Visitor: 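Got a structure for you, questions after.
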2 protein chains.
Amino acid sequence: MSDSVEEQKIRKNERKIEMTEVEWEIMRIIWDIEPCSAGAVQEELARRRMSSEGISGKAYSTVKTTMDRMAEKGFLQIEKVRNLQLFKSCISEVDAKQREFRKMLKRAFNGALTPMMQFLIEHEGISTDEASQLRELVRKSEEKAK
Amino acid sequence: MSDSVEEQKIRKNERKIEMTEVEWEIMRIIWDIEPCSAGAVQEELARRRMSSEGISGKAYSTVKTTMDRMAEKGFLQIEKVRNLQLFKSCISEVDAKQREFRKMLKRAFNGALTPMMQFLIEHEGISTDEASQLRELVRKSEEKAK
DNA sequence: GAGCATATTCTATATATGTCGAACATGTCA
DNA sequence: TGACATGTTCGACATATATAGAATATGCTC
């Protein structure tokens, strides 16, 4: 029994949305320069990759295809101006970070913050500086909560 | 110009190793009951999925295929006993957590801890309880570092 | 030794992702 | 108006992942 087109669409929209590495690279650029064309993103991507890791960029069509797919997934929004397309983000940076963080937390720490913190201190070599900074942050947040 | 088989193998081994969601599910079980057979993992997976999310398990062959691939990737190790295979983990829980955490940190926070902490306090609604617990942890870690 | 239970291997499909070339469209400027 | 620069669309292929049925092997029990 094959599903109807409708059912497939529903499944498609319901499917868990995760950003891949390349998608993150693109999103970061979009957040910086939106609204922008695919070409602009492709160039900026090449620039960043070159300067940060010395690796080559990607072909225009590669970037464009990825961006089109991101639009389908609801990460991006396309606005037509004449025959051009301008891309804008549909999710905020905060939102994306939150999703990424929570995914990690769920996978690796059963969704709980405290065990993660414990882990950080035990295994991630949190520096004294970072620790006191952290303590400061926590103190402030406690104050604010009062 | 196509690559030689050797080159393909090298690329294969060099490729970035990430655990997918299903692989995490399986790894968690392995860490708990290793050394173990694929069948045992499949049964335990069904049990956990049912009790935690009320969703169905997966066919034996699905689990087995995934586990074989995990062995290829170096997550698992197969030990033959007669005609049976016993699986063991090749990476520790700590190691896996570390990888997952760092991947998230790199993607979403440019690899730096402090911005992540800031983010947590601002957006993840760290509770007063968690905050003081955290503060306690930090205090202890500072003492130890002395 | 025949058959059952269990395990392994092989094969196959669908979807996602990464990658890109080629063809086609169109606004601009000499 | 015709060439060029820039964009868009289409199609294609490789690999990864998720999924699972079918065929095959084999140890054990009666």
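Below, all heavy atoms of this structure are taken into account, side chains as well, without hydrogens, waters or symmetry copies. Source: prediction; values computed, not measured.
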Visitor: When you get a sec, tell me which of D:dT8, C:dT9, D:dG21 is the closest nucleotide to the side chain of A:K64?
Guide: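 Among the listed nucleotides, the one closest to the side chain of A:K64 is D:dT8.
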
Visitor: Among the candidates C:dT19, D:dG7, D:dA20, find the nucleotide nearest to the side-chain atoms of A:T65.
Guide: C:dT19

Visitor: Between D:dA20, D:dT9, C:dT8, which nucleotide has the shortest distance from any of its atoms to the side chain of B:A59?
Guide: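 Nearest nucleotide to the side chain: D:dA20.
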
Visitor: Heavy atoms only, 4.0 Å cut-off, all strands: where does A:E23 land among base, sugar-phosphate and nothing?
Guide: nothing

Visitor: Looking at C:dG18, does its base get a donor-acceptor pair with the side chain of A:T62 below 3.5 Å?
Guide: no

Visitor: Tell me, please, which residues at least two apart from B:K103 pass salt bridge (charged side-chain N to carboxylate O under 4.0 Å, His left out).
Guide: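 If we apply the salt bridge (charged side-chain N to carboxylate O under 4.0 Å, His left out) test to B:K103, skipping adjacent residues, the hits are B:E18, B:E100.
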
Visitor: Report which part of the nucleic acid B:K58 touches: base, sugar-phosphate, or nothing (heavy-atom distance under 4.0 Å, all strands).
Guide: sugar-phosphate

Visitor: For the side chain of B:R69, counting heavy atoms from C-beta on, which of D:dG7, C:dT17, D:dT19 is nearest?
Guide: D:dT19

Visitor: For C:dG18, does the base pair up with any side-chain atom of A:T66 as donor and acceptor (N or O, under 3.5 Å, distance only)?
Guide: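 When only heavy-atom distances are counted, A:T66 does not reach the base of C:dG18 through any donor-acceptor pair under 3.5 Å.
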
Visitor: Base, sugar-phosphate alone, or nothing: which one does A:T20 contact when heavy atoms must sit under 4.0 Å apart?
Guide: sugar-phosphate

Visitor: Does D:dT8 have OP1 or OP2 sitting under 4.0 Å from an N or O in the side chain of A:Y60?
Guide: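 Affirmative; the distance criterion is met.
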
Visitor: Flag the pair B:K97 / A:H123 as yes when at least one side-chain heavy-atom distance between them is below 4.5 Å, and no otherwise.
Guide: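 Result no, sub-4.5 Å side-chain heavy-atom pair not found.
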
Visitor: Counting the benzene-type ring for Trp, do A:F119 and A:F109 have ring centres under 6.0 Å apart?
Guide: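 Yes: the rings meet the under 6.0 Å criterion.
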
Visitor: Less than 4.0 Å between a side-chain N and a carboxylate O, is that true for A:R99 and A:D95?
Guide: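 Between A:R99 and A:D95 there is a salt bridge, with a charged N closer than 4.0 Å to a carboxylate O.
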
Visitor: Of the residues in residues 36-49 of chain B, which ones touch DNA chain D at a heavy-atom distance under 4.0 Å?
Guide: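 Nucleic-acid contacts, sorted: none.
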
